[in-house]
Number of protein chains: 2
Amino acid sequence: MDRGSWNGDSMTADARPAAPALTERQEARRRRILHASAQLASRGGFEAVQMREVAEAAGVALGTLYRYFPSKIHLLVATMQDQLQHLHTTLRKRPPAGEEAAQRVAETLMRAFRALQREPHLADAMVRALTFADRSVSPEVDTVSRLTTAIILDAMGLEHPTPEQLSAVRVIEHTWHSALITWLSGRASIAQVKIDIETVCRLIDLTAEPEPGRG
Amino acid sequence: MDRGSWNGDSMTADARPAAPALTERQEARRRRILHASAQLASRGGFEAVQMREVAEAAGVALGTLYRYFPSKIHLLVATMQDQLQHLHTTLRKRPPAGEEAAQRVAETLMRAFRALQREPHLADAMVRALTFADRSVSPEVDTVSRLTTAIILDAMGLEHPTPEQLSAVRVIEHTWHSALITWLSGRASIAQVKIDIETVCRLIDLTAEPEPGRG
DNA sequence: GCTGAGTCTGAAACTTGTTCTAGATTAGCG
DNA sequence: CGCTAATCTAGAACAAGTTTCAGACTCAGC
């Protein structure tokens with residue numbers, strides 16, 4: 001059971017060694033870029049996020065954009081990181097209310113899903129980038145994955161998941177991403193996504209280890 | 001220029017009407033193209049499948065390639081269709097031997113997985129195309145999905161699945177695609193993919209309904 | 001065999017992600 | 001303040017997917 005050494009409390013998902021303390025203006029540039037990216041994505045999805053337009057909207061030269069984010073995929077995955085962090089904070093303020101872990105996870109994911117429905121184009125851009133990412137984006141995609149895992153574990157209310165439970169969580173994540181894709185590409189309805197999420201969440205019950213002293 | 005009327009003919013149950021009786025030379029061209037695509041993909045994955053190179057390797061003009069497959073994604077999804085059909089035939093010759101449906105499905109998917117491992121670059125190209133496909137490729141992606149469903153249902157040995165079981169199959173497919181992606185991008189090991197597949201296949205047990213009658 | 005519609009070819013053009021270059025600006029430092 | 005290295009800018013250039021077009025070819029029907 002190796003969980004790596006990341007501590008789940010702080011929001012600094014800084015798993016990259018090469019993050020040498022940006023100046024204030026640089027931090028501002030970075031935020032402008034991410035904002036422009038999200039804005040363009042919201043308007044027209046993956047294709048609408050064109051690097052020249054992002055650069056212009058962010059008031060930054062194309063070369064600079066590429067210095068901050070080495071590819072369009074990197075940019076969109078970073079955008080997703082941003083949005084997920086937002087979601088995580090929101091969710092922590094109002095945790096799901098179900099009695100069973102499976103219920104709570106399903107509710108959490110459906111809440112996230114509804115948030116995505118409000119900006120389907122943005123969802124499209126982020127999810128497509130996430131699944132299209134190749135090895136060069138692995139660290140960033142991994143960060144997103146860890147964030148998602150954290151959100152699900154939060155909903156389950158688990159501090160020390162068993163390997164079995166971690167596997168169930170991974171499967172839930174798989175289903176979550178893939179179901180999103182089928183919805184985004186118009187091959188599955190919202191109702192179907194809901195059913196799939198509820199179906200996969202039943203896996204949690206299978207791995208629910210009877211904790212000593214509980215029930 | 002629209003190719004116009006394809007409706008005058010017999011209405012076969014085949015849900016692929018976009019192929020109005022190719023001549024022999026056209027069929028040959030199509031096969032050459034798919035072959036070239038698979039070959040280039042095997043060598044260097046998604047990026048190595050360059051439309052100009054596919055055209056040249058297939059001995060066909062670029063415009064012709066685009067007439068047969070309106071985009072690189074269409075081409076690669078069609079390539080996947082081809083390979084899946086192959087796999088399906090192979091699997092039917094030697095069906096999985098497990099006693100439980102869940103076992104058989106897991107075995108089937110692991111067999112498919114091993115086949116993909118033999119051509120990881122090809123797998124990369126096909127799976128990336130599949131998940132990156134947008135709405136314009138929905139029909140083709142759907143065909144692939146139905147093929148996959150058929151393979152899984154075959155392994156389960158089901159003729160008339162319940163909606164619940166179909167949902168489980170969809171979740172298995174989700175997991176299958178997404179697990180493949182994490183493996184291809186180097187974020188999950190082969191062992192982990194195996195565990196995830198086995199985990200999700202446990203869902204089948206949950207929906208295993210006794211054959212005669214329902215509660 | 002001749003014709004006309006549809007198809008194929010070769011090549012150029014266009015689009016958008018990415019890279020490169022030369023000069024201007026900024027940040028850190030003595 | 002003045003210096004130097006790093007960063008930023010504008011813009012050209014390059015790469016690969018896609019589109020377009022004029023002309024050559026194929027094929028079904030006469």
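Chain naming here is simple, since letters A, B, ... match the order of the sequence lines and numbering starts at 1 in each.
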Asker: Could you tell me the separation between the CZ atom of A:R67 and the P atom of D:dT7, rounded to a whole number of Å?
Answerer: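 So the CZ-P distance, A:R67 to D:dT7, works out to 5 Å.
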Asker: What string of B, S and - do you get for nucleotides 24-30 of chain C 5' to 3' if you count protein non-hydrogen atoms under 4.0 Å?
Answerer: --SS---
Asker: Just by modelled atom types, is the A:H86 backbone N or O under 3.5 Å from a matching donor or acceptor in the A:T90 side chain?
Answerer: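 Flag set: sc A:T90 to bb A:H86 pair under 3.5 Å.
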Asker: Taking atom types as modelled, is there a side-chain donor on A:S178 or B:S178 under 3.5 Å from an acceptor on the other?
Answerer: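 Looking only at side-chain atoms, B:S178 and A:S178 do not form any donor-acceptor pair under 3.5 Å.
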Asker: Cut-off 3.5 Å, side chains only: do B:T175 and A:H174 have a donor facing an acceptor?
Answerer: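 The answer is no; no qualifying pair exists.
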Asker: When the distance from CD of A:E56 to C1' of D:dT9 is rounded to whole Å, what number comes out?
Answerer: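 It works out to 14 Å between those atoms.
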Asker: Side chain to side chain contact (heavy atoms under 4.5 Å, CB included) for A:L180 and A:F113? Distances and angles first, verdict last.
Answerer: CA-CA 8 Å; A:L180 272 183; A:F113 184 38; 3.8 Å; yes
Asker: Using whole Å, report how far CD of B:E24 lies from P of C:dC8.
Answerer: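 So the two atoms are 15 Å apart, to the nearest Å.
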Asker: Could you tell me which non-hydrogen atom of B:T89 sits nearest to which non-hydrogen atom of B:Q85, and how far apart they are?
Answerer: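 Heavy atoms of B:T89 and B:Q85 come nearest at OG1-O, 2.6 Å.
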Asker: Tell me, for nucleotides 16-24 of chain D in 5' to 3' order, what letter each nucleotide earns: B for a base near a protein heavy atom under 4.0 Å, S for only sugar-phosphate near one, - for neither?
Answerer: BBBB-----
Asker: Name every donor-acceptor pair, under 3.5 Å, that has one atom in a side chain of residues 120-136 of chain B and the other anywhere in the protein, sequence neighbours excluded.
Answerer:
| from | atom 1 | to | atom 2 | distance (Å) |
| --- | --- | --- | --- | --- |
| B:D124 | OD1 | B:R128 | NH1 | 2.9 |
| B:D124 | OD2 | B:F46 | N | 3.2 |
| B:D124 | OD2 | B:R128 | NH1 | 3.3 |
| B:R128 | NE | A:F132 | O | 2.9 |
| B:T131 | OG1 | B:V127 | O | 3.3 |
| B:T131 | OG1 | B:R128 | O | 3.4 |
| B:D134 | OD1 | B:S136 | N | 3.2 |
| B:D134 | OD1 | B:S136 | OG | 2.8 |
| B:R135 | NH1 | A:L184 | O | 2.8 |

Asker: Return yes if a side-chain donor-acceptor contact under 3.5 Å exists between A:R187 and A:S185, otherwise no.
Answerer: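 A:R187 vs A:S185: donor-acceptor pair found between side chains.
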Asker: Could you walk me through whether A:T149 and A:E173 pass the side-chain hydrogen bond (donor to acceptor under 3.5 Å, both in side chains) test, one step at a time?
Answerer: CA-CA 8 Å; A:T149 303; A:E173 267 185 69; 2.5 Å; yes
Asker: Base, sugar-phosphate alone, or nothing: which one does A:Y68 contact when heavy atoms must sit under 4.0 Å apart?
Answerer: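 Counting heavy atoms under 4.0 Å across all strands, the contact made by A:Y68 is with sugar-phosphate only.
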